[in-house]
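Letters go in sequence order (proteins before strands), and every chain restarts at 1. For clarity, every value in this text was computed on a predicted model and none was experimentally measured.
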Protein chains: 2
Amino acid sequence: MDIQTVLLGFLIRSCMTGYDLRKAFSMSFSFFSGLSYGSIYPSLKKMESRGLVTKQVVIQDGAPNRKVYTITEAGRKAFLDSLRAPFVPEQPKRAFLMRLFFFAHLSPEERKAIALAQLESVVLLRKELESLRPEIEALADSFQYLCFQIGLRYYDNMASDLSMVLDAMRDEKVNLS
Amino acid sequence: MDIQTVLLGFLIRSCMTGYDLRKAFSMSFSFFSGLSYGSIYPSLKKMESRGLVTKQVVIQDGAPNRKVYTITEAGRKAFLDSLRAPFVPEQPKRAFLMRLFFFAHLSPEERKAIALAQLESVVLLRKELESLRPEIEALADSFQYLCFQIGLRYYDNMASDLSMVLDAMRDEKVNLS
DNA sequence: TTGACATATATCGTGATGATATATATCCTG
DNA sequence: CAGGATATATATCATCACGATATATGTCAA
């Protein structure tokens, strides 16, 4: 998912500390990925050593010094290059598919319970994302708004997959392997 | 995605070597995840030390010895437990969303080219998966067939997302940030 | 006043990935 | 028949993402 590119994308807008980047990320990217300090700080170090960003230490009394990162011309170029890089095909990679693959090992009741729990959790995730709408409509550009819409559709599609699974189980002849 | 659970799921069917597991995996799971030896062998070692599998070394002359793994009762229990474990919510995590998020930094022509390339690659992936249909219809149980169908729908949904993006760009007023 | 929350950086263990190394056997093709 | 590709089979390495945790301090409300 290339964390460095995302960080550079945020740093183009404004100079930021690792902490700021984490916040910015959670607010706008949260629905398609997490990002932890264990990834951010090492990435910033690497990017600094590669000349993609520069660091300004702002001394504060008491609190730990802020390390403000600024993107360089090389960083801007690296960012655009990776936006343009050839696409690497992606796979679904969803844990639920793994479970479903082995569903024959569970009883019909367990299968139904698991699929229903999953459906509930997807509905919840969709609701959470939907609740960000006002914020996104205020701040996002048109492409970022498309990301939001695709995120919603993603959950809708998962819900519809789960309904399909539940339908298939409704009139199942038990099929233990 | 819990590699150990997947390996146990295959070992329930029959005893296998790491190499066999890799093959079994690529044939049936390939459309939602990869699995490399760098993950398999360490996992098998861990599972052996935890008593989930036992190892029989089959000496061969010339070729490296086969290490055949057999699932234990504890392994069977661990497998079922993780199928029943509470669901961890998942996020889309798609690299294309990251690109789209920053699309405003590219020219309209570049945006269109990237989205079209992506669409092509999705169509290709769908075709490849569809070509596995006869094999899957012959070997899969009904839940595994549902996995296959969901895989196809996944690519269909991605294609439809991309069409949406292309439509939105067709009549765009350029919106650079 | 005390506990929760925000600011801010950093490191650690765990583990997944992709690449590579090491051997040998078989099978197809020119 | 030689050569090269492919299959069998195990193993390790560097890279790096993640989640948890440690360390400090400031602020604000109950």
Side-chain angles (χ1 to χ4, degrees), chain A residues 1-7 10 15-27 29-30 32-50 52-53 55-69 82 88-95 98, chain B residues 1-8 10-11 15-27 29-30 32-50 52-53 55-69 82 88-95 98:
Chain A
M1 142 99 217
D2 206 353
I3 285 176
Q4 293 194 13
T5 306
V6 178
L7 297 181
F10 282 109
C15 308
M16 286 170 133
T17 67
Y19 187 79
D20 296 333
L21 282 163
R22 166 82 209 258
K23 260 195 310 176
F25 189 92
S26 340
M27 283 193 299
F29 262 78
S30 58
F32 52 92
S33 174
L35 187 54
S36 78
Y37 295 126
S39 318
I40 292 173
Y41 288 113
S43 286
L44 286 172
K45 249 182 204 170
K46 263 171 254 156
M47 288 156 70
E48 196 196 355
S49 76
R50 286 174 202 169
L52 307 181
V53 296
K55 179 172 68 184
Q56 292 85 42
V57 179
V58 178
I59 288 149
Q60 306 195 130
D61 46 319
N65 295 337
R66 288 165 56 84
K67 295 187 179 171
V68 181
Y69 290 89
S82 54
V88 181
E90 284 175 69
Q91 287 158 319
K93 201 172 239 187
R94 289 187 264 171
M98 188 268 279
Chain B
M1 140 103 219
D2 206 353
I3 285 176
Q4 294 195 11
T5 305
V6 178
L7 297 181
L8 289 173
F10 282 110
L11 288 175
C15 309
M16 287 169 134
T17 68
Y19 186 79
D20 296 332
L21 282 163
R22 168 80 211 257
K23 259 195 312 178
F25 189 91
S26 339
M27 284 192 300
F29 261 78
S30 60
F32 51 93
S33 175
L35 186 56
S36 76
Y37 294 125
S39 318
I40 292 173
Y41 288 112
S43 287
L44 286 172
K45 251 183 203 168
K46 265 171 250 156
M47 287 156 71
E48 195 196 356
S49 76
R50 286 173 201 169
L52 307 181
V53 296
K55 180 173 67 183
Q56 291 85 41
V57 180
V58 178
I59 289 149
Q60 307 195 130
D61 48 316
N65 295 335
R66 287 165 58 84
K67 296 186 181 175
V68 181
Y69 290 88
S82 55
V88 181
E90 284 175 70
Q91 287 160 318
K93 202 173 235 185
R94 289 187 263 170
M98 187 268 278

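- The CG atom of B:Leu44 sits 15 Å away from the C1' atom of C:dA16 (whole-angstrom rounding).
- Residue B:Lys23 contributes atom NZ, which lies 7 Å from atom P of D:dA9 at whole-angstrom precision.
- For A:Gln56, the side-chain hydrogen bond (donor to acceptor under 3.5 Å, both in side chains) test picks out A:Thr54, A:Thr70, with sequence neighbours left out.
- The distance between atom CE of B:Met47 and atom P of C:dA16, rounded to the nearest whole Å, is 11 Å.
- Counting heavy atoms from C-beta outward, B:Val58 and B:Thr17 have side chains that stay 4.5 Å or more apart.
- Following rounding to the nearest Å, A:Leu21 (CG) and C:dA6 (P) show an atom-to-atom distance of 18 Å.
- Look at CD1 on A:Ile59: it is 15 Å from P on C:dA8, rounded to the nearest Å.
- Taking atom CZ of B:Arg22 as the reference point, atom C1' of C:dA19 lies 12 Å away to the nearest angstrom.
- Of the listed nucleotides (D:dA9, C:dT11, C:dA8), C:dT11 has the atom at the smallest distance from the side chain of A:Lys45.
- Ranking C:dG18, D:dA9, C:dA6 by closeness to the A:Tyr19 side chain, first place goes to C:dA6.
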For nucleotides 12-15 of chain C, tabulate all protein N/O to nucleotide N/O atom pairs closer than 3.5 Å, reporting atom names and distance.
none

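- Among D:dA17, C:dT17, D:dT10, the nucleotide with an atom closest to any side-chain atom of A:Ser39 is D:dA17.
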Apply the test side-chain contact (heavy atoms from CB on, under 4.5 Å) to residues A:Ser49 and A:Lys45: give CA-CA distance (whole Å), side-chain angles for both, the deciding distance (0.1 Å), then the verdict.
CA-CA 6 Å; A:Ser49 76; A:Lys45 249 182 204 170; over 6 Å; no
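- Set against D:dC18, C:dT11, D:dT10, the side chain of B:Thr17 has D:dT10 as its closest nucleotide.
- Ranking D:dA11, C:dT11, D:dC18 by closeness to the B:Lys67 side chain, first place goes to D:dA11.
- When the C1' atom of D:dT21 is taken as reference, atom OH of A:Tyr41 falls 14 Å away, rounded to whole Å.
- If you measure from atom CD1 of A:Ile40 to atom C1' of D:dA17, you get 12 Å, rounded to the nearest angstrom.
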